[in-house]
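Chain naming here is simple, since letters A, B, ... match the order of the sequence lines and numbering starts at 1 in each.
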Amino acid sequence: MGKQLLLEHINTPGIDTLNVYRANGGYAALEKALKMKPEELVEEVKKSGLRGRGGAGFPTGMKWSFLAKPEGVPRHLVCNADESEPGTFKDRFLMQNKPHLLIEGMIVSSFALGAEVSYIYIRGELLYVFHILQRAIDEAYAAGLLGKNILGSGYSLDLHVHCGAGAYICGEETALIESLEGKRGNPRIKPPFPAISGVWNRPTVVNNVETIAAVVPIVNMGGDEYAKIGIGKSTGTKLISACGHINKPGVYEIDLGIPVEEFIYSEQYCGGIKNGKKLKAVVAGGSSVPILPADLILTTAKGEPRLMTYESMADGGFATGTMLGSGGFIVMDETASIVKNLWNFTRFYHHESCGQCSPCREGTGWMEKVLHRVLSGHGKPDDVDLLWDIQSKIDGKTICPLGDAASWPVASAIRHFRSEFEEYIKNPASIKDVKHYYTTNNLQPTA
Amino acid sequence: MPKVTIDGHEIEVPKGTTILQAARMIGQHVAPPAMCYYSKLKTSGGYCRTCIVKVTKGSAQNPNPMPKPVASCRTEVMDGMEVVNFTSPDVLEARKGVVEFLLINHPLDCPVCDQAGECHLQDLGYEHGASKTRYDFERREFEKIDIGDKIQLHMTRCILCYRCVKTADQVTDGRVHGVLNRGDVAEISTYIQNSIDNDFSGNVIDVCPVGALTDKTFRFKSRVWFTKPVDAHRNCTNEKCSGNVRLWYKGEDVLRVTARKDQWGEVEEWICNSCRFDHKKTSDWVIDGPTQVDRHSVIGQNHYELQKLKLDTGKQLKQLQEKK
Ligand SMILES: Cc1cc2nc3c(=O)[nH]c(=O)nc-3n(C[C@H](O)[C@H](O)[C@H](O)COP(=O)(O)O)c2cc1C
Ligand code: SF4
Ligand code: SF4
Ligand code: FES
């Protein structure tokens, strides 16, 4: 087991309360941080090599230093807790069990950025987590950890939790900002970027839950010490939410750099494939990242073991690699239907497209319909080529990356599993039962 | 002032000019088609993606190409930037994709659509699209709704360009319509079919590139190419109204009144509803003379054959190389 910087004490009874959290070392980072200068904190985060845990992996220290600081204009920190990517459930687990870790991270980070009003934007379906966070925030206010003059330091911060209405697109940072402002959750056209003009046109940093939580151990142990964990530019620990055909689904904190093989097969983590079946494919970083067949997820095209790092996951580009993404690790055994799984993802993107730009609005629905046709046994010989062409005409031509996120799963499934599509089209009897999804999700079949 | 090169044509433009604006300054032969951008409306553009181009050189300072195609209507030029539009087969192919996306759910009801003949989507499909559709599923449909007694919304034809929303935001003094729902079931609507009740609401008809918002006082009166446009003006008492209009005649009768449009199909000056809907007699107006109609237009030619834009990519590329 790697270092447990975030999940430490996660099973301690009452760790979601202020008293137990503090008794186990909680808010030490805040006390330390308030004695430092904001610039020094930004410097520590830079040294730590921490990269955004929301999916893109952008260096957090660099993002913080890009924040514009015009005289007399308030700045804001916004925590992205919209976590809606299929396969990703690490932020929820953390907030549900250790709400004070996120709140401590928010206070320290807000102090570092000079923000006096900060927000946590949480997805609508997580209403119960919203209440957990709100209760923890109330405790923190009562203890003088939030509000005016925090711990007598002279620094004041108000922290609000805002509940979305249940839209994946509101996880895209500029759609999130629009939604926070009370508008329709449509992504903005960039530039300007939030660092210049975000919430109410003020300079804003948007960071993922896990990113902000990681600031706490970074301050506690120092950026240099944190950077010693991991390999190269992938430093520190990372939460991975593992699901699918494995013996031990759940949320794991790994040291970045462990081999994928170890993660899947070791008893400490996923514990191998369920029922002694063979591994078929993995979607390694949430539904948006390219799916890889067993051989390519375990070893890169160069024949090296693939590691759980940003770089190793991406080795080989999209031709033979994928992305670490948000850490949603979906494992499929030999019984899984790649086409069926793809249809399920595509249905999701179709449903979640905001509809602003034509390629994503129209293309996602079209792909879903073609996949549905294939799965219902009426596939046409040209359907695979058609799917490939549609995804290529969405990819890179949209306002926000949701369009890309909808294209990549389609492209990678065809790239690595083309014969499965062709078999379904040629021989509809080979199609695995598709009704499964309707019954489990109580959804109506779409046209 | 930054210099930008588009399809081999160099031009110097004021700082802050977008690629699309620069291309329009060079001329029709390099200007990308635009379905959502509207120079008279702030923050318009970026949605439809028909105007995408490739930036092959970012700027003199940073000569790297941009990794993805960009929406030319929302991308500002930099000094030394190089852009390809009609000379790039990739751009043409990507645009063809966009046109296809815009058309898959569009009803091909041109024969009964009042917009036919002055529809930008028709032109776009003709000039940049494929001749056949690959979409063989049911198309999206909405009920027609009346938003007030003068305007009809036929959402099935809408391409969600947001122009009418921005017009209502910026030209009228109280927007009551907007976008409801999400994704491919998003629709332009008013809450509980409120009527749009505002002196300038009629302008949404003019900015709509397709037949989604039409003038009910003109509905089914005539195909546009059987009418004759004449420019006219009157001293309108509404101070926000220009009073400069276009009258559409059939014989002696004025069938409809619209704002005047420029060569890009954009309204030159906004007009009020009184001029548009209540003044349909020749005696209401001072006639300025027949409208100068573009030779390419169906209205000018009085028959339905657009002169196809000459997009001989191979030839243009060769010319470019020879020039270098
Ligand atoms: C469609 C879409 C959905 C996203 N959803 C989330 C999300 O739920 N949580 C998140 O942290 N980032 C999400 N992101 C990424 C954010 O836009 C943003 O990059 C991130 O919050 C930055 O934080 P980080 O630098 O700490 O990773 C999403 C991006 C897109 C395009
Ligand atoms: S890519 Fe999709 S989700 Fe993103 S802005 Fe365009 S339509 Fe909306
Ligand atoms: S109704 Fe017309 S103007 Fe309004 S969004 Fe639709 S196409 Fe655009
Ligand atoms: S005109 Fe530029 S995106 Fe629509």
Top contributor to chain A interface from B:Pro69, B:Gly183, B:Gly97 [non-hydrogen pairs under 4.5 Å] = B:Gly183
ask   = Does A:Arg51 count as lying over the ring of A:Tyr310, i.e. NZ or CZ under 6.0 Å from the six-ring centre, within 45 degrees of the axis?
value = yes
ask   = What class does the angle between the rings of B:Phe86 and B:His128 fall in, given that below 30° is parallel, 30 to 60° is tilted and above 60° is perpendicular?
value = parallel
note = So, the part of A:Thr398 with a heavy atom under 4.5 Å from chain B: the answer is backbone
key: Interchain contact, A:Asp383 with chain B, by part (heavy-atom threshold 4.5 Å)   = neither
query = Is there a donor-acceptor contact under 3.5 Å linking the side chains of B:Asn62 and B:Asn64?
reply = yes
message = Classify the ring geometry of A:Trp343 against A:His372: parallel below 30°, tilted from 30° to 60°, perpendicular beyond 60°.
response = tilted
request  = Identify whether the distance between the nearest side-chain nitrogen and carboxylate oxygen of A:Arg373 and B:Asp136 falls below 4.0 Å.
outcome  = yes
message = Does any backbone or side-chain atom of A:Asn186 lie under 4.5 Å from a heavy atom of chain B? Answer side chain, backbone, both or neither.
response = side chain
task = Name the region of B:Arg74, side chain, backbone, both or neither, that has any atom closer than 4.5 Å to a heavy atom of chain A.
result = side chain
request  = Please look at B:Glu93 and chain A and tell me whether the side chain, the backbone, both or neither of the residue comes under 4.5 angstrom of a heavy atom of that chain.
outcome  = both
note = Taken to the nearest 0.5 Å, the spacing of B:Asn105 CG from A:Ser358 OG works out to 11.5 Å
ask   = Using non-hydrogen atoms only, which part of A:Asp395 is less than 4.5 Å away from chain B: side chain, backbone, both, or neither?
value = neither
ask   = Taking every heavy-atom pair that is under 4.5 Å apart, which of A:Gly365, A:Pro359, A:Gly363 has the most such pairs with chain B?
value = A:Pro359
